[in-house]
Amino acid sequence: MIAIFLGAPGVGKGTQAAAAAESQGWTHLSTGDLLRQEVGAGTDLGLKAKEYMDRGDLVPDDVMVGMVATRVESMSADEVLLLDGFPRTLAQAEALHEAAPEGAIGLAVCFTASDETLVERLLGRGRTDDTREVVEHRLTVYRETTEPLVDFYKDLGMLREINAEREIKIIQSDTVEIIQAGLAHTNPQGANG
Ligand code: ADP
């Protein structure tokens, strides 16, 4: 089953996805981490992506879909894949539906926090794309381009919301519980084509 982690930059979804994967033996796939690995390795893709990331813009859909599609297409029936940072656009969401095995997308977990909290967390993180100007741009891009996915998954009956302003341990147990509940409802038939 695929569980999509949705939410603004700085909301802590990466931290939650990593912790849930670690404690439950699930797979964590972070497109931000994949891109930073490409940047670190100095690949062509990394060099191209870095320009977008440093500005706080989204990396083009074809690049991102290329990164994720093969992985999703080859997932096994009993695997739990936490998708962190993908999809971020409607086109990516549609590509994910095409690539994923029939019935594999179980739910989208949306983490919420106020803008003040987000900016404070992002500026405290100190990544190179975490300067005030870039952070504000990333939040604008999120509101305009990624937030519509919340309604997209709500309309599919897949959306679960988590208040990410609470204590980290509480968010953690909520996250695991919601995904386990999703797993209990997933029909394993067809999960591998
Ligand atoms: P955050 O945790 O702050 O949301 P990420 O680590 O997920 O940030 O991503 C960092 C940057 O990588 C994004 O600002 C964006 O430029 C790029 N990126 C990551 N995932 C995607 C995606 N699915 N589509 C387009 N760009 C992406």
Side-chain angles (χ1 to χ4, degrees), residues 2-21 27-73 81-100 105 108-150 152-153 162 164-165 168 171-172 175:
I2 294 173
I4 296 159
F5 279 49
L6 272 179
V11 82
K13 59 188 185 299
T15 306
Q16 293 299 336
T27 308
H28 176 202
L29 191 75
S30 159
T31 47
D33 287 350
L34 289 179
L35 287 169
R36 281 184 288 276
Q37 280 167 24
E38 298 281 342
V39 173
T43 63
D44 285 348
L45 193 157
L47 290 175
K48 191 179 170 210
K50 189 177 188 310
E51 294 175 26
Y52 294 92
M53 295 166 78
D54 284 348
R55 288 196 304 261
D57 284 325
L58 295 180
V59 173
D61 286 336
D62 56 335
V63 176
M64 299 314 302
V65 169
M67 274 183 132
V68 175
T70 0
R71 180 65 186 77
V72 162
E73 278 161 6
L81 187 62
L82 311 183
L83 264 191
D84 160 22
F86 186 97
R88 262 179 161 95
T89 67
L90 217 43
Q92 291 179 13
E94 280 158 4
L96 177 62
H97 272 263
E98 301 224 328
I105 304 175
V109 190
C110 182
F111 295 84
T112 58
S114 70
D115 272 11
E116 297 87 86
T117 303
L118 297 172
V119 171
E120 197 182 300
R121 287 186 190 168
L122 288 164
L123 293 181
R125 201 159 69 169
R127 224 165 59 188
T128 56
D129 57 345
D130 283 343
T131 62
R132 180 171 288 277
E133 212 183 27
V134 173
V135 158
E136 278 168 4
H137 183 59
R138 278 161 61 203
L139 286 174
T140 304
V141 170
Y142 175 76
R143 300 284 177 230
E144 287 173 357
T145 311
T146 308
E147 206 164 56
L149 295 183
V150 172
F152 177 86
Y153 289 110
I162 292 186
E165 301 236 31
I168 209 156
I171 304 170
Q172 184 59 54
T175 305

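Quick note: numbers below take in every heavy atom, side chains included, and nothing from hydrogens, waters or symmetry partners. All ligand and atom numbering here is 1-based and tracks the order in the structure.
Distances below 4.0 Å separate heavy atoms of D57 from the following atoms of ligand 1: 15 (C), 16 (O). Listed by number with element, the atoms of ligand 1 under 4.0 angstrom from any heavy atom of K13 are 4 (O). In summary, the atoms of ligand 1 found under 4.0 Å from a heavy atom of T31, numbered by their order in the structure, are 19 (C), 20 (N), 21 (C), 23 (N). Annotation for ligand 1: atoms under 4.0 Å from non-hydrogen atoms of P9 are 3 (O), 4 (O).
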Trace of the side-chain contact (heavy atoms from CB on, under 4.5 Å) decision for L45 with K48: CA-CA 5 Å; L45 193 157; K48 191 179 170 210; 5.8 Å; no

Derivation of the side-chain contact (heavy atoms from CB on, under 4.5 Å) call for D115 and R143: CA-CA 11 Å; D115 272 11; R143 300 284 177 230; 2.2 Å; yes

Pair M53-V59, side-chain contact (heavy atoms from CB on, under 4.5 Å): steps then yes or no: CA-CA 7 Å; M53 295 166 78; V59 173; 4.0 Å; yes

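In terms of protein heavy-atom proximity, atom 7 (O) of ligand 1 is closest to R88 NH2, 3.2 Å. Here the heavy atom of the protein found nearest to atom 2 (O) of ligand 1 is R125 NH1, 3.8 Å. Protein heavy atom in closest approach to atom 14 (O) of ligand 1: R138 NE, 3.8 Å. At the top of the distance list for atom 18 (N) of ligand 1, counting protein heavy atoms only, stands L35 CD1, 3.4 Å. Closest to atom 24 (N) of ligand 1 among all protein heavy atoms lies Q92 NE2, 2.9 Å.
Contacts of F111 classified as ring-ring contact (aromatic ring centres under 6.0 Å, His included), with partners at least two apart in sequence or in another chain: F5. Partners of D62 under the salt bridge (Lys or Arg N to Asp or Glu O under 4.0 Å) rule, at least two apart in sequence or in another chain, do not exist in this structure.
Side-chain contact check for L96 versus I2: some heavy-atom pair is nearer than 4.5 Å. At least one side-chain heavy atom of L149 sits under 4.5 Å from a side-chain heavy atom of L90. A heavy-atom distance below 4.5 Å is not found between the side chains of L47 and E38.
On a distance-only criterion, Y52 and ligand 1 share no N/O pair closer than 3.5 Å. Any N or O atom pair closer than 3.5 Å counts here, and M64 shares no such pair with ligand 1. On a distance-only criterion, D33 and ligand 1 share no N/O pair closer than 3.5 Å.
A cation-pi arrangement is not found for R88 relative to F86, the charged atom failing to lie both closer than 6.0 Å to the ring centre and inside a 45° cone about the ring normal.
Within the 4.0 Å heavy-atom shell around ligand 1 one finds R36.
With a 4.0 Å heavy-atom cut-off, ligand 1 is reached by no atom of M67. Contact annotation: for V59 versus ligand 1, heavy atoms closer than 4.0 Å belong to both the backbone and the side chain. Contacts between R127 and ligand 1, counted as non-hydrogen atom pairs separated by less than 4.0 Å, involve the side chain only.
Between Y153 and H97, the angle of the ring planes stays under 30°, which puts this pair in the parallel group of the 30/60° scheme.
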